[in-house]
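Please read the structure below before turning to the comments.
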Protein chains: 2
Amino acid sequence: MSTQKYKTGKIRERNNENILSAAEQEFVLHGFKGTSMQAIADRAGVPKANIHYYFKNKANLYRTLLQNVLTVWNEELAEISPDSDPATVLERFIRTKVRLSYTHPNASKIFAMEIIQGAPYLKDHISVDMRQWVKEKTAIFQTWIDQGKMRPVDPTHLIFLIWSSTQHYADFETQVLEVTNKRKYEEEDIVRIGDFLADLILTGCGLKKD
Amino acid sequence: MSTQKYKTGKIRERNNENILSAAEQEFVLHGFKGTSMQAIADRAGVPKANIHYYFKNKANLYRTLLQNVLTVWNEELAEISPDSDPATVLERFIRTKVRLSYTHPNASKIFAMEIIQGAPYLKDHISVDMRQWVKEKTAIFQTWIDQGKMRPVDPTHLIFLIWSSTQHYADFETQVLEVTNKRKYEEEDIVRIGDFLADLILTGCGLKKD
DNA sequence: GTCTATATCCGGATAGAC
DNA sequence: GTCTATCCGGATATAGAC
């Protein structure tokens with residue numbers, strides 16, 4: 001800082017972003033242990049030693065990325081109130097998660113691999129924050145069920161269903177694109193996926209007219 | 001073979017199984033690149049050099065495991081005929097996949113990580129066999145829709161929904177157990193999950209009475 | 001703050017004794 | 001067929017010149 005030669009850390013900021021972006025891609029491709037600092041450095045276009053200077057070590061860099069994932073998801077997922085209309089809330093929830101799979105596929109993939117491998121860096125977050133989040137949301141779903149506003153489906157598994165079916169389009173992108181013979185998702189694909197999932201799940205919950 | 005000292009490869013067979021089982025666990029925990037042959041050897045209780053003697057190299061061992069996954073899935077997933085009852089077929093498909101997530105969680109996890117990382121070893125299988133499998137099944141779903149036997153939902157995305165929602169209980173086992181505050185799945189959990197998914201998806205497809 | 005050079009250790013794979 | 005010893009490239013991390 002005292003010897004800062006450039007205008008207010010602009011270079012540092014850019015380097016930071018480059019490194020985080022490069023790390024994200026490498027961690028998706030090879031997992032935490034399988035990713036080398038050298039590969040991240042090469043992709044980011046900086047010397048390997050700089051990454052250690054910025055992030056201390058590999059685990060710290062990885063934790064920063066995981067934290068970013070959780071932040072994005074928290075910011076985008078609107079609040080749910082028991083007074084809201086169930087169909088509206090569920091549909092917006094589903095469509096938001098589908099869109100996040102489209103806009104932040106790597107975030108979803110890193111999170112998925114972390115969980116699959118036993119959540120060594122996220123176990124605390126899951127057993128505290130995430131459990132609390134699910135508890136609050138299922139309570140609201142349950143009041144709707146008690147009021148006869150929706151079919152009596154298990155609220156916890158409903159959340160798992162929405163999580164899994166939406167994140168699938170990010171995590172299993174390769175499989176989806178190969179099976180449907182596409183090169184990449186288009187805006188219209190995302191709309192159609194949202195249409196399909198909202199329609200089927202809302203119908204399954206007894207929240208559709210027809 | 002010529003210098004075989006033990007009864008007809010019994011030891012070799014046991015070693016093979018030990019190595020495969022150990023490798024499965026290590027690959028789930030650390031991914032392909034992140035897994036070391038030494039760790040597999042330690043877990044299997046054999047010298048590292050033996051694994052190279054049995055499987056030549058790491059990629060070969062990994063490919064063997066992937067092949068086992070595909071074999072298990074193919075064996076267990078019953079055939080679907082257009083003359084069958086849609087509700088019966090879909091419910092059996094869902095419950096079979098839920099049970100496979102319970103009985104073979106590591107198989108599902110290795111497959112999931114392989115796909116998330118871009119399917120470097122399975123791309124061919126996906127773009128040929130899997131695409132063909134989906135093509136056949138969606139054609140059958142479509143005839144049911146044309147005959148008015150089920151609601152007009154997109155058959156391809158219906159398959160993705162069933163895949164994602166069922167495999168979720170294997171791949172995201174850690175998250176599901178932490179959120180629901182359980183130590184491990186019990187037989188009754190599997191039945192309840194099957195009940196929930198069959199009920200919601202069949203209702204969503206218009207295949208339920210009430 | 002940045003980057004080169006290096007220390008130290010671990011990776012996959014194999015040679016060769018048994 | 002089994003296992004010890006070893007090769008050698010690549011891993012994380014840091015020391016120290018600039």
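The sequence lines fix the lettering, A, B, ..., with proteins before strands; numbering per chain opens at 1.
Residue Y54(B) places none of its side-chain N or O atoms closer than 4.0 Å to OP1 or OP2 of dG1(D).
Rounded to a whole Å, the CD1 atom of I40(A) is 11 Å from the P atom of dA13(D). Between the P atom of dT2(D) and the CZ atom of R14(B) lies a distance of 12 Å, rounded to the nearest Å. As a whole-Å value, the separation of I51(A) CD1 from dT12(D) C1' is 12 Å. Atom OH of Y62(A) is separated from atom P of dT12(D) by 15 Å (rounded to the nearest Å). I19(A) has its CD1 atom 12 Å from the C1' atom of dT2(C), to the nearest Å. When the C1' atom of dT12(D) is taken as reference, atom CG of N50(A) falls 15 Å away, rounded to whole Å.
Comment: E79(B) engages K137(B) in a salt bridge, judged by a side-chain N to carboxylate O separation of less than 4.0 angstrom. A salt bridge is defined here as a Lys NZ or Arg NE, NH1 or NH2 lying under 4.0 Å from an Asp or Glu carboxylate O, and R99(B) with E187(B) meets this definition. Between R95(A) and D195(A) a salt bridge is recorded (basic side-chain N to carboxylate O distance below 4.0 Å).
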Enumerate donor-acceptor pairs with a distance under 3.5 Å from any side-chain N or O in residues 15-22 of chain B to protein atoms, sequence neighbours excluded.
unit_1 : atom_1 : unit_2 : atom_2 : d
N15(B) : ND2    : Y54(B) : OH     : 3.2

Which atoms of nucleotides 11-14 of chain C (N or O only) lie under 3.5 Å from a protein N or O atom, and what are those distances?
unit_1  : atom_1 : unit_2 : atom_2 : d
dG12(C) : OP1    : T35(B) : O      : 3.0
dG12(C) : OP1    : M37(B) : N      : 3.0
dG12(C) : OP1    : K58(B) : NZ     : 3.4
dG12(C) : OP2    : M37(B) : N      : 2.7
dG12(C) : N7     : K48(B) : NZ     : 3.1
dA13(C) : OP2    : H52(B) : NE2    : 3.1
dA13(C) : OP2    : K58(B) : N      : 3.1
dA13(C) : N6     : K48(B) : NZ     : 2.9

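In this structure, the side chain of T35(A) engages the main chain of E26(A) through a donor-acceptor pair within 3.5 Å.
For the side chain to side chain donor-acceptor pair (under 3.5 Å) test, residues two or more places apart in sequence or in another chain that qualify with D189(B) are K182(B).
The side chain of P47(A) lies closest to dC3(C), out of dC3(D), dG1(D), dC3(C).
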